2 protein chains.
Amino acid sequence: MLLHHPPRDELDLPSILHALSDPQRLGIVRQLAAQGGACACYSLAIEGTKSTRTHHLRVLREAGLIHQEMVGTSKFNALRRADIDARFPGLLDAVLADKASLAVAPPAQANASLVDAHAAVARATLRSA
Amino acid sequence: MLLHHPPRDELDLPSILHALSDPQRLGIVRQLAAQGGACACYSLAIEGTKSTRTHHLRVLREAGLIHQEMVGTSKFNALRRADIDARFPGLLDAVLADKASLAVAPPAQANASLVDAHAAVARATLRSA
DNA sequence: AGCATAGTTCGATGTTCGTTGAACTATATG
DNA sequence: CATATAGTTCAACGAACATCGAACTATGCT
């Protein structure tokens with residue numbers, strides 16, 4: 001089932017700032033920014049249990065900061081860089097430029113990239129042929 | 001008594017973002033930015049009682065977003081624009097550029113500026129001479 | 001001195017938040 | 001079919017938050 005993502009023109013500054021005010025979520029956004037492409041949930045370095053991870057990623061999606069889509073049993077997450085930059089020019093640059101907070105982001109695990117996701121999609125397509 | 005203001009190098013991004021994630025406090029910061037100089041508490045347009053106003057202004061000061069000082073019975077508040085811009089370049093510009101949130105900021109009351117504050121100080125000096 | 005004004009503090013209240021473990025769903029694989 | 005993996009939901013918990021009214025403090029003025 002499709003996840004709801006707020007459209008670009010409905011992005012709300014207080015919601016975005018609230019989502020980013022939590023150190024965990026700020027760290028997630030930094031990891032996604034550093035990655036450039038999409039990351040699977042399990043490859044993100046997030047403190048706490050899977051419930052906590054699900055919670056934080058949902059807050060980020062509902063604020064409009066990330067795009068999420070399922071591929072098989074995995075969910076891939078990507079920063080909505082273009083949307084955020086268009087709606088609030090300079091905000092992400094300013095937030096991501098801060099290096100003092102980098103110390104609190106744990107080292108990212110080996111990432112499952114969108115390449116793996118596409119491979120999974122290809123396998124599914126081959127099977128239905 | 002002097003109020004504690006975090007020094008520039010101790011400004012913390014999550015705390016700043018948390019302070020700004022509340023629509024009331026975001027509105028206060030916009031008013032102070034538009035004003036340019038310092039504003040007395042009573043001249044800020046803030047929803048709720050004086051307790052609420054005191055609460056929000058304290059959160060902004062403790063996050064390091066504003067500078068506060070007493071003059072007589074009034075407290076004057078000013079945005080720490082230079083400190084914030086030095087510590088997180090572009091952040092305030094991006095936050096203040098958002099026009100969609102402007103609709104929720106009530107019209108600012110006639111401001112008591114620092115000119116009035118200086119007049120009060122002058123009167124006090126004259127009296128002690 | 002008393003009075004007025006600005007602002008603060010405190011405890012209370014209801015709400016929101018981050019976190020968790022148990023139970024669950026969906027997909028992929030053999 | 002069973003099993004494994006990824007991810008979700010729910011209720012519970014303790015903490016944090018925004019708001020308020022009553023009571024208070026500090027300063028300025030007469």
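In the text below, chain A, chain B and the rest are named by the order of the sequence lines, each starting its count at 1. Here the structure is a predicted model, which is why all the values come from computation and not from measurement.
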Approximate separation, where rounding is to 0.5 Å, of A:L11 CG and A:H5 NE2: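 Rounded to the nearest 0.5 Å, the CG-NE2 separation comes out at 11.5 Å.
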Taking only side-chain nitrogens and oxygens of [X], does any of them come within less than 4.0 Å of OP1 or OP2 of [N]?
X: B:R53; N: C:dA6; value: no
X: A:R25; N: C:dG18; value: yes
X: B:H55; N: D:dC20; value: no
X: A:S51; N: C:dG21; value: no
X: A:H18; N: C:dC17; value: yes

Selection from C:dA6, D:dG7, C:dG18 that lies nearest to any side-chain heavy atom of B:K50: C:dA6
Distance check needed: C:dT9 C1' versus B:R58 CZ, whole Å only.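 About 8 Å, once rounded to whole Å.
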Here the distance between atom P of C:dT27 and atom OH of A:Y42, to the nearest Å, is 17 Å
Is there a donor N/O on one and an acceptor N/O on the other, under 3.5 Å, for the side chain of [X] and the base of [N]?
X: A:S74; N: D:dT5; result: no
X: B:T54; N: C:dG7; result: no
X: B:T73; N: D:dG28; result: no

Could you go through the side chain to side chain contact (heavy atoms under 4.5 Å, CB included) check for A:I28 and A:L65 one step at a time? CA-CA 11 Å; A:I28 294 169; A:L65 277 152; over 6 Å; no
Do A:R25 and A:H56 meet the criterion of a side-chain donor-acceptor pair at a distance under 3.5 Å?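 Side chains of A:R25 and A:H56: pair found under 3.5 Å.
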